[in-house]
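Reading through the structure tokens given below for one structure.
Every chain is numbered from 1 and lettered A, B, ... according to where its sequence line falls, protein lines coming before strand lines.
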Amino acid sequence: MADVEDVNKPLFAGLSDVSIAEDIPVEGDIAVPVRSQSGDDEISTLDEPVKDTILRDLKAVGQKFVHVLYPKKSSALLRDWDLWGPLLLCVTLALMLQGGSADSKDDGGPQFAEVFVIVWFGSIIITLNSKLLGGTISFFQSLCVLGYCILPLTVAMLVCRLVLLGSMGVGGFIIRLVVVTASFGWSTFASTAFLADSQPPNRKALVVYPVFLFYFVISWMILTFSPSH
Amino acid sequence: MANTDFHLQFQDFGDDADLMAGSTGTTRITIDDHTTKPQKQRRVAGVAEEDETDPLESDDTDKLLSGQKKNAPFWTFEYYQTFFDVDTSQVKDRIIGSVVPWPGKNFVRFYIRNNPDLYGPFWICATLVFAVAVSGNICSFLVNYGQPQYKYVPEFRKVTIAATAIFSYAWFVPLAVWGFLMWRNSKISQTVSYSFLEIVCVYGYSLSIYIPAVVLWIIPSEPLRWCSIILALCLSGSVLILTFWPAIRDDHPRVVIAVTSTIAVLHVLLAVGCKAYFFSTYETTENASGPASVTKGFLTTKAH
């Protein structure tokens with residue numbers, strides 16, 4: 001008790017001696033300053049045209065696409081994650097994988113739902129795996145990164161379809177093989193660039209391998225796409 | 001003098017124990033018996049030991065140690081994290097250990113050391129599923145390459161079939177083996193008993209030899225395929241049998257033979273079944289070579 005008083009004494013010692021002779025005029029503003037930024041946002045997003053809202057989101061998605069195409073260790077992808085980009089990419093990929101060997105035989109290419117399931121289910125399993133191994137990344141951040149890094153493979157799918165319009169022979173196959181392999185390496189490299197930092201150091205390979213397998217399976221689906229004539 | 005010697009010895013173990021506690025964060029058990037400390041040392045440091053300890057002693061300490069591990073209730077995330085508590089080097093060692101049958105090093109005691117993981121079994125099975133599907137696809141494509149009426153199809157359905165077969169082998173057979181061992185345990189007291197997860201681990205890692213074997217099967221040469229399948233079967237089958245031998249050797253001889261042969265037969269069935277279904281050399285549908293090759297194809301698939 002005596003110690004507490006001793007500690008308090010120097011703090012408040014001077015105050016008791018203070019006496020103010022006259023009134024000191026005090027000025028100020030009691031009103032809480034409204035943060036103009038949030039105020040503007042709240043008011044303006046209700047009133048702004050829909051086009052602006054959509055364009056803003058599209059710009060965010062596009063910015064993340066650029067981050068994927070030129071992967072540097074930036075945290076922009078992780079900080080403001082969104083799932084619009086992965087959804088867009090997944091739907092595009094699944095649509096482009098349609099229209100191939102859709103004959104009466106069952107053993108055809110993957111259906112739309114199969115591609116969807118593989119991409120999303122695969123991403124969820126990889127995210128769970130990295131979290132179980134002790135990763136510090138959050139669930140949706142990881143989904144966001146894995147989804148965005150499908151972009152090179154979607155571009156490769158586009159290129160493959162164009163090549164298949166032209167030639168179906170061995171030359172076309174070699175071109176497709178090279179393009180798909182390059183984009184597979186790009187995707188894996190990009191996603192490890194974003195995910196690697198959040199893993200414990202002696203388990204990095206354990207986390208990277210499922211990502212490798214995931215993009216390998218998607219690359220295989222792209223490479224084996226054969227259109228029906 | 002003897003006392004101070006003992007004290008010095010104890011001091012050494014104390015340093016290492018601090019090191020262990022600092023590095024892994026596991027709760028330390030203050031067991032006065034100094035023979036258990038080397039067990040913990042070896043387990044945590046992951047150093048390869050040359051001499052195998054007495055199974056009785058290691059079994060007791062492992063039972064004591066296993067009680068400390070899964071503290072979290074099963075509905076929390078941390079509970080499942082305890083099944084993924086492995087490093088890259090540990091997984092690599094376990095995979096290598098599953099294909100090299102060493103009579104002195106029991107797979108469970110030596111490599112798993114009371115730290116069964118689900119990472120290995122799950123991802124090895126997943127890799128094997130995709131390897132089988134992709135290799136089978138490549139193989140059928142290569143075989144039918146020259147024929148004009150052949151239309152390449154990715155055969156996506158086969159992935160689901162492969163997944164069902166391999167995952168059910170990797171989970172239901174360990175369940176059956178574990179149930180059987182528990183039942184025999186109640187009748188005849190065994191010195192060695194394995195937990196369910198350890199058996200799942202053994203079976204999961206034993207499938208790892210099939211991945212390179214499956215990739216080799218792309219080469220369309222029957223003798224090579226049969227050589228690789230027999231080699232893979234011998235290696236992983238012997239690791240399996242060596243693992244389960246201490247658990248059943250005290251049993252009735254007929255039961256021993258039955259269990260051993262069942263384990264071996266199931267292993268063989270999986271390998272040969274995969275080969276027959278996914279890598280049947282001759283397509284039975286439109287084939288320009290004629291009926292002779294079709295019958296040969298039937299004979300090939302029926303040969304096992």
Spacing of [X] atom [atom1] and [Y] atom [atom2] [to the nearest 0.5 Å]:
X	Y	atom1	atom2	result
D85(B)	L132(A)	CG	CG	11.0 Å
T88(B)	Y209(A)	OG1	OH	13.5 Å
L206(A)	K92(B)	CG	NZ	11.0 Å

Item to complete: Determine, stepwise, if the pair I138(B) / W220(A) fulfils side chain to side chain contact (heavy atoms under 4.5 Å, CB included).
Response: CA-CA 11 Å; I138(B) 295 180; W220(A) 176 253; 3.5 Å; yes
Discussion item. Can you tell me which portion of V91(B) sits under 4.5 Å from chain A's heavy atoms? Options are side chain, backbone, both or neither.
Written reply: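 V91(B) touches chain A through side-chain heavy atoms alone.
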Discussion item. If I compare all heavy atoms of Q81(B) with all of K131(A), which pair ends up nearest, and what's the gap?
Written reply: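 Minimum heavy-atom contact is NE2-O, 3.1 Å.
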Worksheet item: Is it true that a side-chain atom of R203(A) and a backbone atom of V86(B) form a donor plus acceptor pair closer than 3.5 Å?
Response: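 A pair under 3.5 Å: yes.
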Item to complete: Give the member of F122(B), Y80(B), Y119(B), F130(B) that has the highest number of heavy-atom pairs under 4.5 Å with chain A.
Response: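 Of the candidates given, the most pairs with chain A belong to Y119(B).
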Discussion item. Are more than 12 heavy atoms, taken from residues, nucleotides or ligands other than F172(B), located less than 6.0 Å from that residue's CZ atom?
Written reply: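 No - once you tally the heavy atoms of other residues, nucleotides and ligands closer than 6.0 Å, there are 12 at most.
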Worksheet item: Tell me, side chain or backbone of K204(A) under 4.5 Å from chain B's heavy atoms, or both, or neither?
Response: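 Only the backbone of K204(A) comes within 4.5 Å of chain B.
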Discussion item. When you compare the side chain of F84(B) with that of L128(A), does any pair of heavy atoms fall below 4.5 Å?
Written reply: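 Heavy-atom side-chain distance check fails, nothing below 4.5 Å.
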